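Atom set for the values below is all heavy atoms of this structure, side chains included, hydrogens, waters and symmetry mates excluded. Here the structure is a predicted model, which means the values were calculated and not measured.
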There are 2 protein chains.
Amino acid sequence: MKNITIQDIANEASVSKATVSRVLNNTSPVRPDKREAILEAIQRLGFKPNVVARSLAKGRSMTIGVLTQNIGSPFYDTISQGVIAGLGETGYSPIFADGQWQRGAEVEAIQALIGRRVDGLVLIGGDIPAEQLEELCRDLPTVVVARQLPSDHHHCIFTNNVDGGYCATRHLIENGHREIAIVRGIEHHPDAIDRYEGYKRALAEAGIELDPRLVLPGDFSAESGVSAIDDLSERGRTFTAVFAANDTTAFGVRLALYRRGLRVPEDVSIVGFDDQAEAAFMAPPLTTVRQPGREMGALASGSLLELIDGKPFESRPLLAELIERESVGRGPGA
Amino acid sequence: MKNITIQDIANEASVSKATVSRVLNNTSPVRPDKREAILEAIQRLGFKPNVVARSLAKGRSMTIGVLTQNIGSPFYDTISQGVIAGLGETGYSPIFADGQWQRGAEVEAIQALIGRRVDGLVLIGGDIPAEQLEELCRDLPTVVVARQLPSDHHHCIFTNNVDGGYCATRHLIENGHREIAIVRGIEHHPDAIDRYEGYKRALAEAGIELDPRLVLPGDFSAESGVSAIDDLSERGRTFTAVFAANDTTAFGVRLALYRRGLRVPEDVSIVGFDDQAEAAFMAPPLTTVRQPGREMGALASGSLLELIDGKPFESRPLLAELIERESVGRGPGA
DNA sequence: TTGTAAGCGTTATCAC
DNA sequence: GTGATAACGCTTACAA
């Protein structure tokens, strides 16, 4: 059973290919009876236009390239979902390529996407320098999510991480905590750097001196949350609160505390970052800084389509907002 | 800057398009000096073959359609990741469409994928009846993941859920529990049905009578885990263990228990299903039945490529194995 | 309103 | 070995 083409329909309805194409795209009026005949033939033969051929002819593939960092981070997964959802019924389909948080792979992934003649690009996170990106994606509509690029010639959708880190830390301070540990994210990761910056800022503002013993390295994993608490405890540095680089790390922190018989929030308070789905069901529910991943993804694909249509990119800043739940209690200074 | 084509290269190297195509696909020998000239021109002009045109000409799009159920389930996300990873450097790219666990949307999604002339289909979960699937995907290589279809004409990759449910429950029984509650998944969902089946089987085998008051409805959400425990407690039915439909539900169960001051595992034991990333960091770490989502996804895309190459589908059954952690303790009968 | 025919960028089939 | 040239399935001037 070979695929039926526009020609078959044309034959069946005794018209030309061109006319069939016209009703398919209603690009110009067609006499009602012919239109009927064509529609009927399409129905009867179950004709589906070949998107590939159409792409070639129009020079638009109706396809969006999505660069992911395929590492099983719930936050990035949520963004991907938002991107897919945002494309919804638009006729565009997302095609994925994985950057694996490695520059080489990332460049290859982007090139593969471009080779497929995608009409636009959504870059989720990523690591390659702005100039290289610039060159790679020249004159291809591109939106970057969860990453802030210096030049505002790029179209970025992100939340303010320093602000988020600041809010998280200030919340702890306002609750009477002064010995606040932080478990950082991957050292060179911009988000990690920004959240740390916010932490320092809140501390400074409150006149609390930064104690290097309270800043622990991490990598956004739960394991790093565990190690951080273990290190802290073994070194005997006291602390009454922990700001974790993200929720995943917070879970690790919570587990380590549990292991040591420390109660949350009576003995130690925790605040996380992201508000991933599981955060609300930690025991106790995790107070965290919410990043609206799904919205970010949907906004990215939506903006991209507008960009493709020649509309300007509207940069609507997204809020990283503190969600107060139950993992923060009153500290000694309260 | 218009895209450069194979014709430009041909001109540049003073050969015909055909010859350029030959070196591109090394489909037949080409005189070394010409080959050099062509390669050089490609390099110099930065030529990238147009995948769309190639697809049209060859009748293969080098594209795999992936049907997802875009609902933010960590398990399904993991499968998607596995699919992407499994495609890796094969030259195939995955293109996604969302079924939203709704038949209508699912059919449309599959049709959209087919319209794009994908070379094969990976269906993650899904709800439409086998016969309809049959008809929809006729003579298009298809692999179904995380779903077991009756006809073995379909190629399915799944774990044995009744077995998993059985192991989970038996583990609880072996630890001396007899009052074992179950929080079920979505009522008509095959996985939910199977896990429940396993539960009943283990109970029967141990000569424990099924108490309807201990089987609670659920929908795979954490909320349903909370409600289940709340219901159970309010109705005053005693229980010493809970088998949750999946880990997400288990988290809800754990939270509800925490709220009521019940300790895990001293007062109540829990076992989940899936082994999603967060399970190992619940406090205490969750004993659960592991489904290897990433492997399943990778296996799916791998098998699909073999199918496309005309090789037969090898059905390797995947194990749902019990991962013992710390959420199960000795029950009264131990 | 409709048909003819020329692309779109490759691959594939022929001859030479 | 290599170059014309006809597909591939559709869109889109350009005529009619």
Side-chain angles (χ1 to χ4, degrees), chain A residues 1-39 41-42 45-63 91 93 111-112 114-119, chain B residues 1-39 41-42 45-63 91 93 111-112 114-119:
Chain A
M1 181 192 89
K2 68 181 266 300
N3 273 319
I4 49 214
T5 76
I6 205 176
Q7 182 67 66
D8 299 327
I9 303 297
N11 296 151
E12 206 71 10
S14 317
V15 296
S16 72
K17 295 193 309 179
T19 305
V20 177
S21 174
R22 287 184 184 106
V23 340
L24 243 29
N25 305 280
N26 39 66
T27 172
S28 83
V30 167
R31 229 172 59 206
D33 56 330
K34 297 206 169 185
R35 155 177 242 97
E36 271 321 305
I38 292 171
L39 255 21
I42 289 178
L45 292 142
F47 165 76
K48 296 285 173 199
N50 182 327
V51 182
V52 175
R54 180 178 291 188
S55 299
L56 184 58
K58 312 228 299 198
R60 309 177 82 207
S61 62
M62 296 305 282
T63 281
S93 296
Q111 283 176 335
I114 294 176
R116 288 186 175 271
R117 297 298 188 271
V118 295
D119 296 333
Chain B
M1 181 193 86
K2 68 182 267 296
N3 274 319
I4 49 211
T5 77
I6 205 176
Q7 181 66 69
D8 299 327
I9 303 297
N11 296 151
E12 206 71 10
S14 316
V15 296
S16 71
K17 297 191 307 179
T19 304
V20 178
S21 175
R22 287 187 183 103
V23 340
L24 244 29
N25 306 280
N26 40 65
T27 171
S28 84
V30 168
R31 229 173 58 206
D33 57 329
K34 298 205 169 187
R35 154 177 243 97
E36 271 320 306
I38 291 171
L39 255 21
I42 289 178
L45 301 187
F47 165 77
K48 296 286 172 197
N50 183 327
V51 182
V52 176
R54 180 177 292 189
S55 299
L56 183 58
K58 311 228 298 197
R60 308 178 82 208
S61 63
M62 295 304 282
T63 280
S93 296
Q111 284 176 334
I114 293 177
R116 288 185 175 271
R117 296 300 188 271
V118 295
D119 296 333

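- Atom pair A:N3:CG and D:dC8:P shows a separation of 12 Å (rounding to whole Å applied).
- Interatomic distance, B:R22 CZ to B:K34 NZ, rounded to the nearest 0.5 Å: 10.0 Å.
- A:S93 places a side-chain heavy atom less than 4.5 Å from the side chain of B:R116.
- Look at CZ on A:R117: it is 11 Å from C1' on C:dT10, rounded to the nearest Å.
- Protein atom CZ of B:R35 is 17 Å distant from nucleotide atom C1' of D:dG3, rounded to whole Å.
- Nucleotide C:dT4 holds its P atom 10 Å from the CD atom of A:Q7, rounded to whole Å.
- As judged by a 4.0 angstrom heavy-atom cut-off over every strand, B:V15 is placed among residues touching the sugar-phosphate backbone only.
- Contact between the side-chain N/O atoms of B:S16 and the OP1/OP2 oxygens of D:dG3 is found at a separation under 4.0 Å.
- Distance B:L56 CG to D:dC8 P: 9 Å, rounded to the nearest Å.
- In this structure, B:I9 and B:L45 have side chains that are in contact, with non-hydrogen atoms separated by less than 4.5 Å.
- With rounding to the nearest 0.5 angstrom, the CZ atom of A:F47 is 13.0 Å from the CD atom of A:E12.
- Note that the two end axes of the helix from C:dT1-D:dA16 to C:dC16-D:dG1 enclose an angle of 40°, each drawn from 5 base pairs, rounded to 10 degrees.
- As rounded to whole Å, 13 Å separates atom P of C:dT1 from atom CG of A:N26.
- Between the CG atom of A:N50 and the P atom of C:dT10 there is a distance of 17 Å, rounded to whole Å.
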Can you pull every protein N or O that's under 3.5 Å from an N or O on nucleotides 11-13 of chain D?
residue, atom, partner, partner atom, Å
D:dT11, OP1, A:N25, OD1, 3.3
D:dT11, OP1, A:N25, ND2, 3.3
D:dT11, OP1, A:R54, NE, 2.8
D:dT11, OP1, A:R54, NH2, 3.4
D:dT11, OP2, A:S21, OG, 2.9

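- For B:V30 and A:I4, each mapped to the nucleotide of DNA chain D holding its nearest heavy atom, the one lying further toward the 5' end belongs to B:V30.
- Residues passing the side chain to side chain donor-acceptor pair (under 3.5 Å) test with A:N26: none are found, sequence neighbours excluded.
- The CG atom of B:L24 sits 11.5 Å away from atom OG1 of B:T19, with the distance rounded to the nearest 0.5 Å.
- To the nearest angstrom, P of C:dC8 lies 22 Å from CZ of A:R116.
- Side-chain contact between A:N50 and B:R117 is present, with at least one heavy-atom pair separated by less than 4.5 Å.
- Contact annotation: the side chain of B:T63 never approaches that of B:D119 to less than 4.5 Å [non-hydrogen atoms, C-beta and beyond].
- Rounding to the nearest 0.5 angstrom, the gap separating the CD1 atom in B:I6 from the CD1 atom in B:I42 is 8.0 Å.
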